[in-house]
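Report on the following structure.
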Amino acid sequence: MAFDLKEYPHRRFNPLTRQWVLVSPHRTQRPWLGQVEKIAGEAQPAYDPACYMCPGNTRAAGARNPDYKTTLVFDNDYPASLPDTPAGDLDVNGLLVARGEAGICRVVCFSPRHDLTIARMSIEELRPVMDLWVEQSRELGSREFINYVQIFENRGAMMGASNPHPHCQIWASASLPDEPAKEQLAQQEYQTTRHSCLLCDYLTLERERGERIIFENQHFTVLIPFWAIWPFETLVVAREHFGSLTELTNDQKVALADALKRLTTRYDHLFEVSFPYSMGFHQRPTDGNPHPEWHLHAHFYPPLLRSATVRKFMVGYEMLGTPQRDITAESAAAGLREMKETS
Ligand SMILES: [Zn+2]
Ligand SMILES: [Zn+2]
Ligand SMILES: [Zn+2]
């Protein structure tokens with residue numbers, strides 16, 4: 001009997017994290033009796049006097065935002081980690097283990113406009129955001145005690161974003177966080193054993209097959225990874241091999257802005273709602289080693305499943321067993337391929 005991924009339950013392997021996902025395509029017809037989310041009010045004012053990110057406003061700790069015209073970066077007023085944390089160490093029989101963690105947490109506003117999103121910004125407006133990501137990766141990464149720079153965006157109340165003002169966060173840390181640590185191990189071993197790059201080889205395979213590719217431009221390919229867990233999870237992969245945002249050329253910065261804008265616009269059209277997601281870049285650590293195994297990419301993890309109000313939950317079997325999805329990566333990609341790229 002042929003093994004039909006469209007029909008039969010199966011597990012798929014994520015070679016980047018070495019985790020499995022259970023795919024149950026036969027269940028996509030089952031009736032939905034779960035929670036229906038309320039659609040959040042969409043319209044936002046261009047300026048909100050109560051927003052701590054809008055130009056000229058005062059932030060929680062008392063600092064006042066300048067009257068900025070493009071982007072703004074500032075140290076998080078409630079940082080998760082602090083730069084001058086002592087290197088403490090606790091180890092009781094390998095069972096009670098803790099370490100001091102030094103780090104820097106920043107907030108980056110994409111625009112002075114309170115009511116925009118990446119999808120609603122022009123390439124010209126997004127370009128300074130690319131420049132800032134590059135500068136911040138370089139500046140924070142060059143600090144002696146910083147070994148990893150994590151840039152991420154939580155978009156929408158469903159993802160816990162407390163403020164609709166378009167912004168992201170940068171958490172730079174002394175240690176390598178768990179997700180990039182898993183990916184580093186996989187990429188290193190792949191390079192050692194196959195003398196090639198895991199994501200370069202994966203991208204070649206996906207471009208030959210085409211069934212999970214949503215679109216691409218000259219420098220980036222956007223696809224639903226074979227092993228995606230979230231219904232409309234995507235991977236934005238650099239088409240050339242390089243490991244860090246700091247290596248982006250001017251052309252690649254424009255292409256990245258183009259890819260992010262086109263992807264988020266397609267997302268918005270999928271359920272005709274400003275699409276919530278968590279996204280972030282994975283790039284090589286800044287520990288002073290060259291890390292030729294690293295291939296720059298971004299992950300988008302949107303929670304929505306079937307409509308603007310029906311989200312996927314990671315509960316039950318997913319907390320206790322392994323992540324599971326019904327709609328296949330291939331049909332999710334087909335859905336996003338049909339979406340418009342204009343608002
Ligand atoms: Zn604002
Ligand atoms: Zn590569
Ligand atoms: Zn990654």
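Start at 1 and go down the list; that is how both ligands and their atoms are numbered.
Exactly one of Gln283, Arg138, His291 qualifies for a side-chain hydrogen bond (donor to acceptor under 3.5 Å, both in side chains) with Ser244. That residue is Gln283.
A salt bridge does not link Glu125 with Arg120: none of the charged nitrogens is closer than 4.0 Å to a carboxylate oxygen. Remark: Glu216 engages Arg207 in a salt bridge, criterion side-chain N to carboxylate O under 4.0 Å.
For the pair SG of Cys54 and SG of Cys51, the angle whose vertex sits at the Zn ion (ligand 1) is 110° to 10 degrees. Rounding to 10 degrees, one finds that the Zn ion (ligand 1) sits at the corner of an angle of 110° between His165 ND1 and His114 ND1.
Residue-and-atom listing of protein N/O/S atoms under 2.8 Å from the Zn ion (ligand 3), sorted by chain and number: Glu183 OE1, Glu183 OE2, His282 ND1, His297 NE2, His299 NE2.
Considering just the N/O/S atoms of His241, the one nearest the Zn ion (ligand 2) carries the name ND1. Closest approach between the Zn ion (ligand 2) and any N/O/S atom of His295 involves ND1.
The neighbour count for Glu272 CD, taken as heavy atoms of other residues, nucleotides or ligands under 6.0 Å away, is above 12.
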Evaluation steps, side chain to side chain contact (heavy atoms under 4.5 Å, CB included), between Glu330 and Ile224: CA-CA 8 Å; Glu330 296 71 43; Ile224 302 220; over 6 Å; no
Chi angles and distances behind the side chain to side chain contact (heavy atoms under 4.5 Å, CB included) call for Phe110, Leu126: CA-CA 7 Å; Phe110 295 165; Leu126 285 168; 5.6 Å; no
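Distance check for Cys109 against the Zn ion (ligand 1): none of its N/O/S atoms falls below 2.8 Å.
With 3.5 Å as the limit, one finds no donor-acceptor pair spanning the side chains of His299 and Glu233.
Hydrophobic clustering, with ILVMFWY side chains joined whenever heavy atoms are under 4.5 angstrom apart, groups Leu260 together with Leu248.
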